[in-house]
Structure formats: C-alpha cells, structure tokens
Amino acid sequence: MSFQKFFAAARASALVSLFALSGFLASSGPVAALTGAATVRDGNSIQLGDVTYRLDGVDAPELDQVCIDDHADSWTCGIEARDQLTKLINKRSVRCDDVGPEKSFGKRHRAICTAEGDKASLNEQLIKLGFALAREPIKANVKPAATEAKTAAAGIWKGCFVAPQDFRSGKKDGALLGAACRPDRDKEIRAVLFPEELTMPPSCSIKGKLAVRARVTGNIGIYHLRGCPSYPATTKPDRWFCSEDDAQAAGFRKAYNCRRPK
C-alpha cells in the first residue's frame, strides 16, 4: 500500500471513530427537555419515566421533617410540601427542562418544570405558596416568589422551622425561620424541630444515621434496610427514607452488612 493510500485510510478511520464518539456523547448526555406523566417523590423532586429531577433553585422540607405552625403545634411540613406539589400538578403532563447535574444529590439533574397549561413553573409556584425555600444563591426566576412568600408568612413561613439543608445535616444550632419563632422559647422549639425519635413517614422505613466514618466514602451517613443485621440495632435514626435512591441522593451509603456476599 502506498503512503498516500495508507494516510487516506487512516484518516477515514479516525473520522469514523470521531463521529461515533460524538454520537455516543450526545446520546449519553442530559436530555434537554422531557415531557410526561409525573410522579412526585418529595417536595422538590419529580420523576418522569426513569428520570428524577430536582426542581432547580428550590429546597423544600424533607418528608421526615417537622415544622411548628402558628399555633405552636408541630406538623409534618415535609409531607405537606409533597402534597402541595402533587396538587399543583393535578395529574397533568409536566415538562422538565434540564439545566444540569445536581452535584449534591447523587445522579439527579436540576430542572425547571412546568405543568401543562401553566405559565409559571412549579419551581416558582411552590416557593410562592411558602412550601419551599429558594436555594442560595437565589435564582432570578424565583426571587420575587421567595420575597412574597416570606412577607405574606405563607405556608411554612407562618410558623417556625429550620432550613431543609440544616435539617438534612443535623445542624441543630441553625437559624430559626418563620413568623412564629420566639427567642424566649429557643430551646423548646429546637427540641420539637429535632426530636430524639423522628417519626417514620408512611412507607418510608429505611433508617439513616449521620456518621463521621461515612465521610471516607464521600458520604454523610449510612442507611439500613429492613432485614439487615444492623436494622433493629439502629435506634433513633437521624433520617427516614422511602427508597435506596432517595437515601443515596441525600448522601447516605448502604450499611456494609446489608450488602449481598459476592
């Protein structure tokens, strides 16, 4: 084979490989937009098909989080946030526009999601109702809604609560938020918001414990499944999860004694 023919063949082979690689990268990248029937996972997570999105710029109370209302009673604000998002969707089709990966929540992506027929996104509406906070740094598209909810003492703002981020990390000395927070009842309020025995939400039986040793694997805690040797011994869990995917997305790894032997 002449040098010219060899060079031409090598060049053609390289181009084929390049196009194949480009096609692979395009197919494995994030979907720009996805529309379909939505399953609400929690106050700020929506699943379309096999893809779970976290509402961009939104941080809602966790399913196992409690708040205090304007009558000084505790209530399951995390479950209410999930139910409010379900009501906003009202069984309609939802379009989620992917805006990139969520570094802090496993393999999930962030998205701006809108229910069919609505002009305002679900991100904005949930914050405006007061059942979610705007995540820092606050995005321009949700900033007016965040200001309005706080000023009107809407949703969880009418009572007293801690930011979902502080609840997730067990930061018991975090700032108290809401119109009904009383400085003279600080200790009592924190005891309610961070109870010694966290109530298990319905169908959410996975136990999570914050653990320093979990940081070796880049996690913040360890989760335990029913049937694992460590499950009954894990008392007073710091978190409850409904699925392993949710636990992993929150930064927890599975207990080693839960893993099947090779």
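All figures in this text were calculated on a predicted structure; none of them were measured in a lab.
Taking 4.5 Å as the limit, some side-chain heavy atom of Phe252 sits within range of a side-chain heavy atom of Leu210. Taking 4.5 Å as the limit, every side-chain heavy atom of Cys204 sits out of range of all side-chain heavy atoms of Phe241. Counting heavy atoms from C-beta outward, Val94 and Gln47 have side chains that stay 4.5 Å or more apart. Put simply, the side chain of Leu63 does not reach to within 4.5 Å of the side chain of Arg239, judged on heavy atoms.
A distance-only check finds no donor-acceptor pair linking the side chain of Asn44 to the backbone of Arg54 [under 3.5 Å]. At least one donor-acceptor pair under 3.5 Å links the side chain of Lys207 to the backbone N or O of Thr234. Listed for the Lys209 side chain is a donor-acceptor partner under 3.5 Å among the backbone atoms of Lys236.
Judged as a side chain to side chain contact (heavy atoms under 4.5 Å, CB included), and not counting sequence neighbours, the contacts of Ala211 are Arg213, Ala214, Ile222. Residues forming a ring-ring contact (aromatic ring centres under 6.0 Å, His included) with Tyr223 (at least two apart in sequence, or on another chain): none. Every residue meeting the side chain to side chain contact (heavy atoms under 4.5 Å, CB included) condition with Ala163, not counting sequence neighbours, appears here in chain and number order: Leu133, Asp166, Leu177. Remark: Arg182 pairs with Asp184 by the salt bridge (Lys or Arg N to Asp or Glu O under 4.0 Å) rule, at least two apart or across chains. Annotation: side chain to side chain donor-acceptor pair (under 3.5 Å) contacts of Ser205 (sequence neighbours excluded): Arg226. Residues satisfying the side chain to side chain donor-acceptor pair (under 3.5 Å) test with Thr52, not counting sequence neighbours, are Arg41. Residues forming a side chain to side chain donor-acceptor pair (under 3.5 Å) with Arg95 (at least two apart in sequence, or on another chain): Asp97. With sequence neighbours left out, Phe131 forms a ring-ring contact (aromatic ring centres under 6.0 Å, His included) with no residue at all. With sequence neighbours excluded, the residues that form a side chain to side chain contact (heavy atoms under 4.5 Å, CB included) with Ser93 are Thr35, Glu116. Residues forming a ring-ring contact (aromatic ring centres under 6.0 Å, His included) with Phe161 (at least two apart in sequence, or on another chain): Trp157. Residues that satisfy the side chain to side chain contact (heavy atoms under 4.5 Å, CB included) test with Ile46, not counting sequence neighbours, are Ala38, Leu48, Leu55, Leu85, Ile89, Cys113, Leu122.
A salt bridge links Glu102 to Arg135: at least one charged side-chain nitrogen sits closer than 4.0 Å to a carboxylate oxygen.
For residues 67-90, no pair satisfies salt bridge (charged side-chain N to carboxylate O under 4.0 Å, His left out), with sequence neighbours left out.
Considering Ile79, Asp42, Thr76, Val162 in turn, Val162 is the only one that fulfils the side chain to side chain contact (heavy atoms under 4.5 Å, CB included) rule with Gln65.
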### Task
Verify salt bridge (Lys or Arg N to Asp or Glu O under 4.0 Å) between Asp245 and Arg108, making sure each step is shown before the conclusion.
CA-CA 10 Å; Asp245 183 53; Arg108 298 180 181 183; 2.9 Å; yes

### Task
Test side-chain contact (heavy atoms from CB on, under 4.5 Å) on Gln84 and Leu126 and set out the steps.
CA-CA 8 Å; Gln84 288 291 330; Leu126 193 65; 4.2 Å; yes

#### Entry: Full working for side chain to side chain donor-acceptor pair (under 3.5 Å) between Gln125 and Asp118
CA-CA 10 Å; Gln125 292 185 65; Asp118 285 352; 3.2 Å; yes

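Considering every non-hydrogen atom in both Arg92 and Ala115, the closest pair reads NH2-CB, 3.5 Å.
Between Cys228 and Cys258 the SG-SG gap is short of 2.5 angstrom.
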